[in-house]
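Contents: one structure, followed by commentary.
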Amino acid sequence: MNKDIDISEQLKCLIEEYDFNIDTLSKYLKLNNQEIQELSNGNISFLKSDNEYRFNLFNKISFLYDSAISEKDLKLDAFLKVLISYHNISKYI
């Protein structure tokens with residue numbers, strides 16, 4: 001699998017090839033089911049234009065995608081990155 005595909009293709013791959021549940025993705029990405037479908041088809045026009053919002057959303061998708069296609073150590077790394085970024089957990093004590 002090519003890791004250099006765009007966000008829409010990554011999301012589509014998660015849904016179609018890795019059977020990610022759209023309802024679960026919807027809750028995690030804070031998008032409704034229709035928006036998940038639109039984004040997986042390449043439509044980003046409905047997204048907020050805020051760069052930080054888009055950056056965070058695209059990172060979440062990329063982390064999930066990386067965890068789905070990567071080896072176990074990379075999966076753990078991607079999972080930890082999601083925890084750190086999504087839940088604002090510090091890497092430091």
Side-chain angles (χ1 to χ4, degrees):
M1 182 63 59
N2 180 1
K3 289 177 68 172
D4 295 327
I5 62 175
D6 69 27
I7 290 298
S8 295
E9 288 298 316
Q10 288 179 8
L11 185 57
K12 183 177 279 199
C13 181
L14 288 170
I15 295 166
E16 294 177 358
E17 293 183 33
Y18 294 99
D19 297 321
F20 273 64
N21 182 289
I22 292 179
D23 291 329
T24 302
L25 286 170
S26 175
K27 290 175 188 172
Y28 176 65
L29 299 174
K30 297 182 180 169
L31 299 171
N32 67 43
N33 291 9
Q34 180 62 36
E35 291 170 329
I36 297 285
Q37 291 295 333
E38 289 290 321
L39 184 55
S40 72
N41 289 322
N43 180 9
I44 63 168
S45 64
F46 65 90
L47 295 176
K48 297 176 192 174
S49 60
D50 177 42
N51 288 335
E52 184 176 351
Y53 166 79
R54 288 185 179 203
F55 176 79
N56 289 330
L57 176 66
F58 295 167
N59 270 343
K60 287 181 185 180
I61 295 167
S62 289
F63 290 145
L64 287 176
Y65 178 77
D66 285 345
S67 70
I69 67 165
S70 301
E71 296 177 23
K72 289 183 182 182
D73 288 344
L74 294 176
K75 286 182 184 181
L76 179 58
D77 181 58
F79 176 73
L80 292 173
K81 286 179 182 175
V82 169
L83 286 178
I84 290 167
S85 69
Y86 182 68
H87 297 289
N88 296 317
I89 297 172
S90 174
K91 295 189 275 188
Y92 309 103
I93 296 177

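All values below come from the heavy atoms of this structure, side chains included, with hydrogens, waters and symmetry mates left out.
- Among residues two or more places apart in sequence or in another chain, the side chain to side chain donor-acceptor pair (under 3.5 Å) test is passed with Ser40 by none.
- Residue Ser8 comes nearest to Gly42 through the heavy atom pair OG-CA, 3.2 Å, listed as atom of the first residue, atom of the second, then distance.
- To the nearest 0.5 Å, atom CG of residue Leu11 and atom CG of residue Leu57 are 8.5 Å apart.
- Under a 3.5 Å cut-off, the side chain of Glu35 and the backbone N or O of Asn32 do form a donor-acceptor pair.
- We find the CD-CZ distance between Gln10 and Phe63 to be 11.0 Å, quoted to the nearest 0.5 Å.
- The distance from the NZ atom of Lys27 to the CD1 atom of Ile22 is 13.5 Å, given to the nearest 0.5 Å.
- Here the side chains of Leu39 and Ile61 are in contact, with some heavy-atom distance below 4.5 Å.
- Hydrophobic clustering, with ILVMFWY side chains joined whenever heavy atoms are under 4.5 angstrom apart, keeps Phe55 apart from Leu31.
- The side-chain heavy atoms of Ile15 and Ile36, taken from C-beta on, include a pair separated by under 4.5 Å.
- In this structure, the side chains of Leu64 and Tyr18 stay at 4.5 Å or more apart for every pair of heavy atoms.
- The stretch residues 41-58 participates, sequence neighbours left out, in these side-chain hydrogen bond (donor to acceptor under 3.5 Å, both in side chains) pairs: Lys12-Asn41, Glu38-Asn43, Asn43-Ser45.
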